[in-house]
Amino acid sequence: DGGAQAQDGTRESDIALQLAKLMLEENANSSIRLILTRAVDEYQHPVTKSELATKNNADLFVSLHAAADPDRNSSGIEIFVPSWDTLRHYTASYNFGNTIANKLSSIPAKVSIRQRKTGIWVINASTCPAVLIEAGYLTNPSDLQHLKNNAYMRNLARNILSGIESYLDKYGR
(Lines give C-alpha, C1' and ligand atoms only; values in the text may rest on other atoms or scores of the structure.)
Protein backbone atom coordinates (compact mmCIF):
# COMPACT_ATOMS: atom_id res chain seq x y z
CA ASP A 1 0.00 0.00 0.00
CA GLY A 2 1.82 3.07 -1.26
CA GLY A 3 -0.84 5.34 0.25
CA ALA A 4 -1.80 8.53 -1.55
CA GLN A 5 -0.33 9.16 -4.97
CA ALA A 6 0.41 12.32 -6.92
CA GLN A 7 -0.58 12.72 -10.54
CA ASP A 8 3.08 12.20 -11.54
CA GLY A 9 3.25 8.89 -9.62
CA THR A 10 4.98 10.18 -6.47
CA ARG A 11 3.81 7.94 -3.64
CA GLU A 12 3.07 8.85 -0.04
CA SER A 13 5.06 5.86 1.23
CA ASP A 14 8.19 7.10 -0.57
CA ILE A 15 7.83 10.65 0.78
CA ALA A 16 7.26 9.42 4.35
CA LEU A 17 10.23 7.05 4.23
CA GLN A 18 12.49 9.74 2.76
CA LEU A 19 11.49 12.16 5.52
CA ALA A 20 12.09 9.53 8.23
CA LYS A 21 15.53 8.70 6.83
CA LEU A 22 16.43 12.40 6.65
CA MET A 23 15.43 12.74 10.28
CA LEU A 24 17.81 9.89 11.11
CA GLU A 25 20.62 11.59 9.16
CA GLU A 26 19.99 14.99 10.72
CA ASN A 27 19.65 13.82 14.31
CA ALA A 28 22.73 15.16 16.11
CA ASN A 29 21.29 14.78 19.61
CA SER A 30 22.72 11.68 21.28
CA SER A 31 19.86 11.78 23.81
CA ILE A 32 17.32 11.16 21.05
CA ARG A 33 17.22 7.65 19.62
CA LEU A 34 15.01 7.43 16.57
CA ILE A 35 13.55 4.05 15.66
CA LEU A 36 12.00 3.66 12.22
CA THR A 37 9.15 1.22 11.84
CA ARG A 38 10.53 0.35 8.40
CA ALA A 39 13.80 0.89 6.51
CA VAL A 40 12.49 -0.05 3.07
CA ASP A 41 9.24 0.45 1.19
CA GLU A 42 7.12 -2.29 2.71
CA TYR A 43 3.60 -2.22 4.07
CA GLN A 44 3.21 -2.49 7.82
CA HIS A 45 -0.07 -2.80 9.58
CA PRO A 46 -0.73 0.00 12.09
CA VAL A 47 -0.85 -2.60 14.88
CA THR A 48 2.74 -3.63 14.04
CA LYS A 49 3.87 0.00 14.28
CA SER A 50 2.13 0.52 17.59
CA GLU A 51 3.56 -2.72 19.01
CA LEU A 52 7.09 -1.68 17.96
CA ALA A 53 6.77 1.60 19.84
CA THR A 54 5.43 -0.17 22.93
CA LYS A 55 8.11 -2.87 22.79
CA ASN A 56 10.83 -0.20 22.63
CA ASN A 57 9.27 1.81 25.47
CA ALA A 58 9.02 4.88 23.22
CA ASP A 59 8.81 8.29 24.86
CA LEU A 60 7.17 9.85 21.79
CA PHE A 61 5.53 8.55 18.61
CA VAL A 62 5.56 10.39 15.27
CA SER A 63 3.66 8.99 12.28
CA LEU A 64 4.76 10.56 8.97
CA HIS A 65 2.47 10.88 5.95
CA ALA A 66 1.62 12.93 2.87
CA ALA A 67 -1.98 13.91 2.20
CA ALA A 68 -4.20 13.91 -0.89
CA ASP A 69 -7.44 15.70 -1.62
CA PRO A 70 -9.60 15.99 -4.75
CA ASP A 71 -9.46 19.75 -4.12
CA ARG A 72 -6.03 20.67 -5.54
CA ASN A 73 -6.13 23.88 -3.49
CA SER A 74 -5.79 21.96 -0.21
CA SER A 75 -2.24 22.54 0.97
CA GLY A 76 0.06 22.80 3.93
CA ILE A 77 1.34 20.70 6.78
CA GLU A 78 -1.19 19.22 9.15
CA ILE A 79 -0.32 17.86 12.56
CA PHE A 80 -3.01 15.57 13.90
CA VAL A 81 -3.49 14.84 17.56
CA PRO A 82 -6.17 12.55 18.93
CA SER A 83 -9.33 14.09 20.28
CA TRP A 84 -9.47 14.41 24.05
CA ASP A 85 -11.75 11.43 24.50
CA THR A 86 -9.68 8.92 22.52
CA LEU A 87 -6.27 9.03 24.17
CA ARG A 88 -5.04 9.14 27.71
CA HIS A 89 -2.08 11.21 26.50
CA TYR A 90 -4.24 13.88 24.89
CA THR A 91 -2.74 16.91 26.67
CA ALA A 92 0.82 15.69 26.17
CA SER A 93 0.10 14.87 22.51
CA TYR A 94 -1.41 18.31 21.97
CA ASN A 95 1.62 19.96 23.60
CA PHE A 96 3.90 17.80 21.46
CA GLY A 97 2.06 18.75 18.26
CA ASN A 98 2.05 22.41 19.20
CA THR A 99 5.79 22.36 19.92
CA ILE A 100 6.48 20.84 16.49
CA ALA A 101 4.14 23.34 14.82
CA ASN A 102 6.03 26.23 16.42
CA LYS A 103 9.33 24.88 15.08
CA LEU A 104 7.83 24.58 11.58
CA SER A 105 7.18 28.32 11.40
CA SER A 106 10.23 28.77 9.14
CA ILE A 107 8.86 26.27 6.60
CA PRO A 108 7.20 27.95 3.59
CA ALA A 109 3.86 26.24 4.19
CA LYS A 110 0.88 26.85 6.40
CA VAL A 111 0.91 24.62 9.44
CA SER A 112 -2.17 23.59 11.38
CA ILE A 113 -2.94 21.34 14.32
CA ARG A 114 -6.06 19.31 13.83
CA GLN A 115 -8.08 16.57 15.45
CA ARG A 116 -10.10 13.77 14.04
CA LYS A 117 -11.36 10.50 15.40
CA THR A 118 -10.90 8.29 12.34
CA GLY A 119 -7.85 7.48 10.24
CA ILE A 120 -5.44 7.96 13.14
CA TRP A 121 -5.63 4.56 14.83
CA VAL A 122 -1.86 4.34 15.18
CA ILE A 123 -1.65 7.43 17.38
CA ASN A 124 -4.85 6.61 19.25
CA ALA A 125 -3.29 3.26 20.22
CA SER A 126 -0.05 4.85 21.34
CA THR A 127 1.10 4.39 24.91
CA CYS A 128 3.00 7.69 24.80
CA PRO A 129 2.40 11.20 23.41
CA ALA A 130 1.81 10.85 19.69
CA VAL A 131 1.27 12.95 16.56
CA LEU A 132 0.53 12.21 12.93
CA ILE A 133 2.19 14.64 10.52
CA GLU A 134 0.84 15.13 7.00
CA ALA A 135 3.95 16.74 5.44
CA GLY A 136 1.99 18.29 2.57
CA TYR A 137 -0.49 17.48 -0.18
CA LEU A 138 0.60 15.30 -3.08
CA THR A 139 -2.39 16.68 -4.99
CA ASN A 140 -1.30 20.32 -4.63
CA PRO A 141 1.31 21.34 -7.25
CA SER A 142 3.21 23.66 -4.89
CA ASP A 143 3.26 21.17 -2.00
CA LEU A 144 4.33 18.39 -4.36
CA GLN A 145 7.21 20.51 -5.64
CA HIS A 146 8.34 21.06 -2.04
CA LEU A 147 7.98 17.38 -1.12
CA LYS A 148 10.17 16.41 -4.08
CA ASN A 149 12.86 18.96 -3.15
CA ASN A 150 15.62 17.39 -1.04
CA ALA A 151 16.67 20.71 0.57
CA TYR A 152 13.07 21.39 1.62
CA MET A 153 12.66 17.88 3.00
CA ARG A 154 15.95 18.10 4.89
CA ASN A 155 14.83 21.41 6.42
CA LEU A 156 11.48 19.86 7.33
CA ALA A 157 13.29 16.94 9.00
CA ARG A 158 15.51 19.33 10.98
CA ASN A 159 12.52 21.33 12.16
CA ILE A 160 10.56 18.25 13.26
CA LEU A 161 13.66 17.12 15.17
CA SER A 162 13.93 20.55 16.73
CA GLY A 163 10.31 20.20 17.86
CA ILE A 164 11.08 16.82 19.42
CA GLU A 165 14.09 18.30 21.24
CA SER A 166 12.11 21.30 22.46
CA TYR A 167 9.27 19.13 23.69
CA LEU A 168 11.66 16.85 25.59
CA ASP A 169 13.51 19.84 27.06
CA LYS A 170 10.28 21.39 28.29
CA TYR A 171 8.20 18.36 29.27
CA GLY A 172 10.69 15.51 29.56
CA ARG A 173 9.46 11.99 29.17
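None of the values given here were measured: they were computed from a predicted structure.
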Practice task
Please report the C-alpha distance between Glu134 and Leu64 in whole Å, then the side-chain angles of each, then the deciding distance to 0.1 Å, and finally whether the side chain to side chain contact (heavy atoms under 4.5 Å, CB included) criterion is met.
Solution key: CA-CA 6 Å; Glu134 296 279 8; Leu64 301 171; over 6 Å; no

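- The side-chain heavy atoms of Phe96 and Ile79, taken from C-beta on, include no pair separated by under 4.5 Å.
- By the 4.5 Å heavy-atom criterion applied to side chains, Val81 and Arg114 are not counted as neighbours.
- Atoms OG and CG, from Ser166 and Asn98 in turn, are 11.5 Å apart once rounded to the nearest 0.5 Å.
- When side chains are defined from C-beta on, Lys103 does not count as touching Leu161, because their heavy atoms never get closer than 4.5 Å.
- Residues Leu19 and Ile160 meet the side-chain proximity criterion, which asks for heavy atoms closer than 4.5 Å.
- The environment of Glu25 atom CD is dense: over 12 non-hydrogen atoms of other residues, nucleotides or ligands sit within 6.0 angstrom.
- Atom-to-atom distance recorded for Lys55:NZ and Ile35:CD1 is 9.0 Å, nearest 0.5 angstrom.
- The CG atom of Asp59 sits 6.5 Å away from atom CG of Asn57, with the distance rounded to the nearest 0.5 Å.
- Side-chain contact between Tyr137 and Leu144: absent, with no pair of heavy atoms (C-beta onward) separated by less than 4.5 Å.
- The closest donor-acceptor contact from the side chain of Thr10 to the backbone of Ala6 lies at 3.5 Å or more, if one exists at all.
- Remark: side-chain polar atoms of Asn27 are paired, donor with acceptor, to backbone N or O of Ile32 under 3.5 angstrom.
- Put simply, the side chain of Leu147 reaches to within 4.5 Å of the side chain of Met153, judged on heavy atoms.
- Residues Thr139 and Pro70 fail the side-chain proximity criterion, which asks for heavy atoms closer than 4.5 Å.
- Atom CG of Asn155 sits about 10.5 Å away from atom OG of Ser162, to the nearest 0.5 Å.
- The minimum heavy-atom distance linking Met23 with Leu34 is given by the pair O-CD1, 3.5 Å.
- Within the 3.5 Å criterion, the main-chain N or O of Ala130 finds a donor-acceptor partner in the side chain of Ser93.
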Handout entry: side chain to side chain contact (heavy atoms under 4.5 Å, CB included) between Asp71 and Asn140, intermediate numbers included
Key = CA-CA 8 Å; Asp71 179 358; Asn140 178 282; over 6 Å; no

Exercise for the section: Could you please spell out the steps behind the side chain to side chain contact (heavy atoms under 4.5 Å, CB included) verdict for His65 and Ile15? Expected result: CA-CA 7 Å; His65 298 268; Ile15 295 296; over 6 Å; no

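- Under a 3.5 Å cut-off, the side chain of Asp69 and the backbone N or O of Ser74 do not form any donor-acceptor pair.
- Ring geometry for His146 against Tyr152 counts as parallel: the plane angle stays under 30°, on a 0 to 90° scale with 60° as the upper cut.
- Of the possible polar contacts, none joining the Asn149 side chain to the Gln145 backbone as a donor-acceptor pair under 3.5 Å is found.
- In plain terms, the two heavy atoms of Gly76 and Asp143 that are nearest each other are N-OD2, 2.8 Å.
- Distance check, rounded to the nearest 0.5 Å: CD1 of Ile107 to CZ of Arg158 gives 9.5 Å.
- Results of the side chain to side chain contact (heavy atoms under 4.5 Å, CB included) test with Leu138 over Gln5, Gln7, Glu12 single out Glu12 as the only residue that passes.
- The closest side-chain donor-acceptor pair between His89 and Thr91, if any, does not fall under 3.5 angstrom.
- Just one residue in the list Leu22, Ile133, Ile77 forms a side chain to side chain contact (heavy atoms under 4.5 Å, CB included) with Leu156, and that residue is Ile77.
- Contact annotation: the side chain of Gln115 never approaches that of Pro82 to less than 4.5 Å [non-hydrogen atoms, C-beta and beyond].
- Scanning all heavy atoms of the two residues, the minimum distance from Ala20 to Leu36 falls at CB-CD2, 3.6 Å.
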Exercise for the section: Please test Thr99 against Tyr171 for side chain to side chain contact (heavy atoms under 4.5 Å, CB included), starting from the C-alpha separation and ending with a verdict. Expected result: CA-CA 10 Å; Thr99 302; Tyr171 299 101; 4.2 Å; yes

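- Taking both residues in full, the closest heavy atoms of Ala92 and Pro129 are given as CB-CG, 3.5 Å, listed atom of the first, atom of the second, then distance.
- Enclosure of atom CZ in Phe80 by more than 12 non-hydrogen atoms of other residues, nucleotides or ligands within 6.0 angstrom is indicated.
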